[in-house]
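Contents: one structure, followed by commentary.
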Amino acid sequence: MSAPTSTNNLLEIEQLSVCFGGLQALDRVNLSINEGEILGLIGPNGAGKTTLFNVITGLTAPSHGKLRWQGNSLAGKKPEQICRLGLARTFQNLRLFRELSCINNLQVAMGSNNRRAALELLALVQLQEKADAAAASLAYGDQRKLEFARALATKPKLLLLDEAAAGMNPIEKQDLQALVQRVRCQFKITILIIEHHVPLMMQLCDRLAVLNFGRCIALGSPEQVRRDPLVIEAYLGSQR
Ligand SMILES: Nc1ncnc2c1ncn2[C@@H]1O[C@H](COP(=O)(O)OP(=O)(O)OP(=O)(O)O)[C@@H](O)[C@H]1O
Ligand SMILES: [Mg+2]
């Protein structure tokens, strides 16, 4: 295991803003991600959640603000460099190699053709029987699980999951919750997860951050966030 950092902040996000033309997708967001935690990101459609992932993973340049990974600036780093530093993600709109088999998808991410290691990861997400099936042939929920395994295949320290349970049935959602918890313990990783299913997030996450119109309007334990009047007004209220 690597030596613990002086603080347990893995990623620090400071005064981060992103403008797309006249649209302020992120507005002075401050957020620290602690090593080992499951931090949830919730908020209405268009709140800026995916944009935050895109900035963290180097796909979108911030208009203002700083990102520090284990104390070092991420400014100007390319997505591949950021991935090599130990940040991996899944995409809201899946980005699998659709014609490749499940196992090949993992081997590409691992940068090796070690079949046994890839099979172990497939077993973790209960897809070992689909090892040689084309990714595109899987049911939608299984494709999400394959993306999850593929992100893990890069051996990240921080795993970012965008709409992890979208399109999953209630049983798959339960399984996913257990899987995220198991992966956190087994791989000793930190998880930042976006998901609209609030009850799942309340159970799964150590802390929740709430975005609304690009601003972080609340940050705290699920219980604190659930009771926050700003959150109820902006988001939870509309969900009953
Ligand atoms: N590349 C882009 N160019 C212009 N506008 C963009 C771009 N990406 C995102 N936006 C806009 O920025 C805002 C935030 O979008 P984002 O995708 O981050 O929201 P989100 O919180 O992930 O929403 P959802 O829950 O629907 O996935 C939206 O208004 C979106 O239309
Ligand atoms: Mg999104």
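On a predicted model such as this, the values are computed, not experimentally measured, just so you know. When a ligand or atom number is given, it counts from 1 through the structure's own listing order.
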(request) Mark the output for Gly48 as yes if a heavy-atom distance to ligand 1 is under 4.0 Å, and as no if none is. (result) yes
(message) If hydrophobic clusters are built by linking Ile, Leu, Val, Met, Phe, Trp and Tyr wherever their side-chain heavy atoms come under 4.5 Å apart, do Met202 and Ile191 end up in the same one?
(response) yes
(message) Against the six-membered ring of Phe213, is Arg215 placed for a cation-pi contact (under 6.0 Å from the centre, within 45° of the normal)?
(response) no
(request) Please could you name the atoms of ligand 1 that Ala25 approaches to less than 4.0 Å, counting only its heavy atoms? (result) 12 (O)
(message) Using a 4.0 Å cut-off to any heavy atom of Asn45, which atoms of ligand 1 qualify?
(response) 23 (O), 24 (P), 25 (O), 26 (O)
(request) Would you mind reporting whether Leu176 and Val180 have side-chain heavy atoms less than 4.5 Å apart? (result) yes
(message) Can you see whether Phe91 has Arg89 sitting over its ring - NZ or CZ less than 6.0 Å from the centre and within 45° of the normal?
(response) yes
(request) May I ask you to list the atoms of ligand 1 that are less than 4.0 angstrom from any heavy atom of His196? (result) 25 (O)
(request) Around atom 23 (O) of ligand 1, find the nearest protein heavy atom and jot down its residue, atom name and distance. (result) Gly46 N, 2.8 Å
(request) Look at Gln92 and state whether any of its N, O or S atoms is less than 2.8 Å from the Mg ion (ligand 2). (result) yes
(message) Give me the residue, atom name and distance of the protein heavy atom closest to atom 21 (O) of ligand 1.
(response) Lys49 NZ, 2.7 Å
(message) I'd like to check Glu195 versus Ile42 (side-chain heavy atoms, cut-off strictly below 4.5 Å). Are they in contact?
(response) no
(request) Among all protein heavy atoms, pick the one closest to atom 17 (O) of ligand 1 and tell me residue, atom and distance. (result) Thr50 CB, 3.7 Å
(request) Report, in ascending order of atom number, the atoms of ligand 1 lying under 4.0 Å from any heavy atom of Glu163. (result) 25 (O), 27 (O)
(message) Atom CD of residue position Glu129 - does it have more than 12 heavy atoms of other residues, nucleotides or ligands inside 6.0 Å?
(response) no
(message) Looking at atom 31 (O) of ligand 1, tell me if a protein heavy atom falls under 4.0 Å from it.
(response) no
(request) Check whether any side-chain heavy atom of Gln186 lies under 4.5 Å from a side-chain heavy atom of Val183, and answer yes or no. (result) no
(message) Closer than 4.0 Å to some heavy atom of Leu23 - which atoms of ligand 1 meet that?
(response) 11 (C), 12 (O), 13 (C), 29 (O)
(request) Keeping the roles fixed (side chain from Glu233, backbone from Leu230), state whether a donor-acceptor pair exists under 3.5 Å. (result) no
(message) Give me the nearest non-hydrogen protein atom to atom 18 (O) of ligand 1 as residue plus atom name, then the distance to 0.1 Å.
(response) Thr51 OG1, 2.5 Å
(request) Return the residue, atom name and 0.1 Å-rounded distance of the protein heavy atom closest to atom 27 (O) of ligand 1. (result) Gln92 NE2, 2.8 Å
(request) Please confirm if an N, O or S atom belonging to Thr51, backbone or side chain, lies less than 2.8 Å from the Mg ion (ligand 2). (result) no
(message) Could you tell me if the side chain of Ile82 sits less than 4.5 Å from the side chain of Trp69, heavy atoms only?
(response) no
(request) Evaluate the side-chain proximity of Ile189 to Leu152: yes if any heavy-atom separation is below 4.5 Å, no if none is. (result) yes
(request) Could you find the nearest protein heavy atom to atom 6 (C) of ligand 1 and give me its residue, atom name and distance? (result) Phe20 CD1, 3.3 Å
